[in-house]
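The structure appears right after this line, and notes come after that.
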Amino acid sequence: NVPLLLLKFLRRSTGRKKKEGEIETLFHRLQLQDNHQQKLSPADFLRIGPTVKQDHETFEKDLAGSFLQRLMMLDYRARYIPVTQHSAEVSHSDPVADFDTLNTNESFLDAFFSSHRDSNESTQSHIHSMDVQMAVYHCSDSFLKQSMITKLSQCQYALPLLVPDPVTMDVECPLWTFRQIRKTWKITQIEENSTSIAMKSSPICKAETPMVSFFRLGSLSVSKSQLMSTLINDRHNTFFHRNCPGSTKSRHLLDGVAEIAWYCPSGKPNDAFTDCTAFCNLHGDALSIEKQRDILIDKASVNIVLLPTTKETKNTETLVSDLLESEKPVICLITDVDCTAVQTKKGKYKMGLKDRSQSDVSNELKRIIGEILAGQHTTFQLEAMMNVCGIRVDEDDAVIQKGKSGAMEVMKTLQQEDFSKIKDKFLPCQGRLWHEWCKTHKELYQLKGHVEKEKSKKEERLREIRQKQCDAPCSELMELFIGSMSSLPSMDKEFFLKWTQILIDSLSTDDLTAILQSYDEKWSEVLALKKKHAKSESLKRKQTELEQISTKLQSATFGLERIFREMGQIYEAHKTVEKKTQRGQTDWSKYPELAAELMISGYPMELMDGDAGHVPLIWISSLLEAVIKKLGDQRVFVLSVLGVQSSGKSTMLNAMFGLQFAVSAGRCTKGAFMQLVKVSEEMKKEFQCDYVLVVDTEGLRALELAGNATLHHDNELATFVVGLGNMTLINIFGENPSEMQDVLQIVVQAFMRMKKVKLSPSCVFVHQNVTDIAAAEKNMDGKRRLQEKLDQMAQLAAKEEGCEAECFSDVIAFDVQKDVKYFAQLWEGSPPMAPPNPGYSESIQELKKMILSKASTSAGITLSQFKNKIQDLWNALLNEHFVFSFKNTLEIKYGNWTWALRSNMLTIENQLYNRIENGKVDKMELAHLPETISKTYGEIKKEMENYFDDADKETLVQWRGRFEIKIQQFHDDLVAGVKRKLEEVIQQKKACKKLDRQKTEFENKLLQKSKDLAHQLKDQAQDEEELKKQFDSVWNGWVKELTADTKPIEDINLEEDQMTVIQELGIEWALIEESRHNGGYQYISKLGDYFDYVILTKHREHCDETQQPEEGARKNKNPKQQEKYSRKEFESEKKYALKKEFTVDLLLHVFNIAGRLLSESHLKFKKRNDALTYLESNKTQYYNIFRSFCKGNSFAVVLGELICEKLKVSMVEAACNKTAIDLAGEMRCNFPAFNGNRLNLEKHVLKSLAKKEDFDSFITYIKHPRKYREARDVLKKNIEDLKRLVSQASFTATEKVKTQSRKTDEWLKTFSSLLGDVLAFDASFPQNFTDINDFDFLKEEVEKGLVPISEELSSLSLSKIKKFRQKPDQILIEQLCKCCWVKCPFCAAVCINTMEDHGPEKHNVPFHRPSGIEGWHTRGTEDLVIDFCTTLVASNRSFYPRHDSEEAVPYKQYQRGGDKYAQWMITADESKLTYWKWFVCRFQKQLEEHYNLKFQNWGEIPREWRKHRKDEAIKSLDEMYKCE
């Protein structure tokens, strides 16, 4: 016996090695050799890749990937993928033509029917389809296995229950992979003469069902798996069998695998079984697969054995004998026997299969199994497999157990509670408090009565609710959940989350089933009473009970999303009240980071809370910021979906992208969810985006929301979803869009509103569950009807919106031929046993291909822009306005481009100015000026082109043309401005030519006189006072002598001119004297009230503001108030007469300003053109020459001093002008106030005003915002550059004259030319210096003279710089303030648009202020208006557009007030606006005195406003003027 055992061992060993080799070859052929150890994960497939080609064969190496992709799309044909193989790999014979060489019929027939294999034939065959499935299974990690098995279950395929390891042959039960599967069925119970049907739903792991196990002994001529499939679904191959496409003789991974499938009855008479029944199939010969066979026999309720013959082997006989002796029912099916079913003894049956049709056998089996299961039988539960000895259960892995233990800790807190009360107890922040907060928050946009008081009360209530949320103790559930989320490693965390969801679903199953059953019964009772047309108390009571059950059903809906919602509310509450984390508590500030990790890994995150109908903006913004922090500001293509309830939206998205959106009949979770899907590296070559962000929404027109603001909620949701998406899928169930008609109208209106703000999202209509989709004519007719319906809706919406639109394509680019898709019905048959329709999968692929094609041409938006878009859209929905802020970045870019042009042009202006001053340009062709700036302009145009091409094309296209035109205009204006200035300089230079000629003569004579006098007084050179005295005594005589023939320029007589004007106007002199005496004219520009200057011709009470509409007819009881007249009305109205005093004060005010300007200009003119003034201004210079001669200095020394004296003047001017440009540039770089758009500057000014707390400065800013601008005292030194330039010029000039002419004139000419465009230097000097020979000495004297000049220039102050041509503050003001200055007609807040003429965009400012700041008050009272105009436009109040208006205009329709109102976009704003509230309280007294009005009655300041401090006000500016 020993040799025999040894032989068996050797055979087994050889067989194992052969099998291992075959399996290794299989993995190589499928390109999975590396994944057997390095497992595939969901992340490898949860990404946007190329679409699967349905009508093309797949290469063998791509088989595994294609199988998984198709399976994820619910295409059950994933098992039947046609394969293209290379010729060397495919089984083939030599060509038939070879038989032609045979001569006889006999030899031909012999060869034709020969079973001999040709020597050239390859031995490699196609890969068995189940080998592909099992190979992918073995190479997947736990999560991908679970996802794969879940999809197989949805495709109504059998699932692996016992799986032998391909190498070690150890058997594993993959219990973890079943955890996400839930089955729903209807049990039919027949008692006496009545039949009852009960619905049941359960996670399949917990379902206790009978199990029928099948196995074969030996080889069979019939297919066991095919027979099993007919028992479950005769139209679908639940179990793969030999007759399925893709089956081959050789298979390597299927033998020993036990598969399980469940039959779920639908409660109909034709059900095969009345209760859910499991069927288990052991692949391979059960005689050689002992372990799996024994387990199945033990667990089964019924065992069915297939035998090839009655002639049994010893092993077969033993096994059958054991089965017949056991208590469990057994059915033996014998292939070579033709007898019908016979019960040999109780529970033991045999049946022949020979010459019998499969349907007969199937029906007979169904009958027998039904009879057996109708009696007493054992049941099977998947979770019981954990107790089976000899096998491994995947859930025993340490990492899975660790996640499960954490989840179990969480679940312990829930298990003892009534499930419908769990949310109230463990999730307090999202319940009543959050719903009340949302309700109160929405009421802020529907204010009535005293709106600011109401607003303050509601804001206070909001704070109280947030405080209560903060004070609510963190439940044990949340502490445990967040603790695990924070501490577990990444893999453990994923298992923890999965387990938590699985266990929550399991816990809620029984409760939900019971509630649904109760709902069904109660609903039936209500219907029965209604049929009787009864309006009794009984009906009311039943309806109330039904409503209570409905509420209980909503309360029992519980999942992970509820926990994340609670995290969001805890975070929002703490962030709002700025509450710090207490010791021992979880750190709420880390919550967004935790959620961001999950979102990045592919978890859907709640975007809109459907229960409360609100978007938690603080939480969503922080969550997206955390995602940006981890990923960077990635570009995303936003795809959203919209449709009625249960129209297959989530199923479509899940199938298309392999997502995880919850799918169930009816609405379990409401609102909108978002999920990130990464674009694969392969697709990034075609895409401009890094991710697709999918937004799934709850169904519209939900029955359970009926009567609960359904219409408003659906309209809100539809508009939100349409606005968010780059593309929106409009999902319609069936061909007729009638069910979506009213929603479609809202969608069209939403698209129209998007168009108003230059947003153009696209849409695709998807008709699901359409039969006979091959009928092209029918589809064309359906498309025509859809087009007509859309056009009709567009016209209705256009009428509502006041737009012009005749058809849908006027609103949005829509191609009815391409943008309408028809989907086959999802199920191929009737659920619950129907598999998905392959046509549905094909439709999904076509839609996905179209979406990706459109997405590839879109730049999408960045995550930060998406975050801003959510905020803008939600606030717009609350306001019922649509305002978006996508152009702030572009405005900053515009500022940078214009600054580059301006700074370059300023430099060019300085250069040309110096050339003109140096006499190098007399008749400059300024037409060539644009050429000098062409390089910079060309670079900016290139940068603009790149920016608009690379950035958000779709978003920025609306501004591209306008900004290009504005830059062109800016360039042309700059060139024209510089040209005008330089032409004036040339004209002035020409006008001064006479004096310039005299200057040379003066200088020659003065130099000679100084030299002669110095020669006379050389003995007194040491006595400085005596020299000065002698020089002063002769100077006046010299000047008088030199200017004897020159007529001096007379001073202007302003007094005389003023008198002439006054006399011409016929004004009495007494009035002039009186006005001059009291000095009131000096303050006329600062007055807020012009009452003293005006006589009303028609008595009208002062008012641009109404009180409550019901008090609008009240007459004015205040006579004094009737004579009040605001400056606003003085500027705009004409029902008055002006007193003479006004004319006098205005004249004197203008005289005062003009007099100063004229005097300064005349002084400058005299200095440049009057010989006497010129000589007097040079007295010091000639005294220094005289003193130098007295000391015996040579002509070289004196010339050096003269050169330095001239250089000093030009160096000061050049340094100051250059510094002004550099200073302005540096301020733009270093100070945010100057380097952004208008908002940054506005914020800077307001902060500065608050710090000073000077009321007059505030009033100047409010009344004359353009006058109030600051510049920083920053000075960038350019002195060293100038000094270096002069030194180099003197050195070069010296070297040149030493080798050439050695003439002083040549040295000066060369020196002057080298200073070039930088310094203005007049090279004309007296002829006395022509005899200089030592030019090195002259150079040294010049350099010596530069030292004190440099020291003096280094200490220049900003005040000195401001005296020259270029002024840094003026440069910045021209750069920053050449923008829009139109003021809000209500509160005088200045439009913040960077461009001066920004039409057709309306004026806007992000934050307005109380209208009383500008002097508005309630008609017929002295009550200043305390309301913000942003609050008023959300209220039901009205106003009078003019002081004499008879009709009040509702604030919500303020544009009807006239052009100045219609040009503004004022949106309701519920933010705190702390800054202006603080200002009103801080300067209440001054404001009341300024306007002679009071903050009282309707204008009483709310108590809450007085709580704000200055530091809070300043801090609020960062939020108010936050640059998006």
- Query: Considering residues, nucleotides and ligands other than K404, do more than 12 of their heavy atoms fall under 6.0 Å from its NZ?
  - Reply: yes
- Flag yes if more than 12 heavy atoms outside E1512 fall under 6.0 Å of its CD atom; otherwise flag no. yes
- Query: Relative to the ring of W874, is the ring of H614 parallel (under 30°), tilted (30 to 60°) or perpendicular (over 60°)?
  - Reply: perpendicular
- So, does T184 use its side chain to make a donor-acceptor pair with the main chain of S201 at under 3.5 Å? no
- Message: Can you list everything that forms a side chain to side chain donor-acceptor pair (under 3.5 Å) with Y603? Sequence neighbours excluded, please.
- Response: none
- What about the rings of F481 and F496, do their centers lie closer together than 6.0 Å? yes
- Message: Check R562 with D611, please: is the shortest side-chain N to carboxylate O separation under 4.0 Å?
- Response: yes
- Would K455 count as a cation-pi partner of F1428, with NZ or CZ less than 6.0 Å from the six-membered ring centre and within 45° of the ring normal? yes
- Query: Hey, is NZ on K630 packed in by over 12 heavy atoms from elsewhere, all under 6.0 Å?
  - Reply: yes
- What residues form a salt bridge (charged side-chain N to carboxylate O under 4.0 Å, His left out) with K458, not counting sequence neighbours? E443
Give the table of side-chain donor-acceptor pairs shorter than 3.5 Å for residues 592-601, with sequence neighbours excluded, one pair per line with atom names and distance.
unit_1 : atom_1 : unit_2 : atom_2 : d
E597   : OE1    : K493   : NZ     : 2.8
S601   : OG     : E597   : O      : 3.4
S601   : OG     : L598   : O      : 2.7

- Query: Strictly by modelled atom types, are Q430 and E566 linked by a side-chain donor-acceptor pair under 3.5 Å?
  - Reply: yes
- Query: What distance do I502 atom CD1 and R179 atom CZ have between them, rounded to the nearest 0.5 Å?
  - Reply: 6.5 Å
- Message: Ignoring hydrogens and geometry beyond distance, is a side-chain donor-acceptor pair present between T862 and Q634 at under 3.5 Å?
- Response: no
- Query: Are Q467 and D471 close enough that a side-chain donor and a side-chain acceptor fall under 3.5 Å?
  - Reply: yes
- Message: My understanding is that only one of K1515, R463, R466 makes a salt bridge (charged side-chain N to carboxylate O under 4.0 Å, His left out) with E578; could you say which?
- Response: K1515
- Item | Validation row, ring centre W176 to ring centre F495 under 6.0 Å | yes
- Message: Working to the nearest 0.5 angstrom, can you tell me the gap between K867 NZ and I628 CD1?
- Response: 6.0 Å
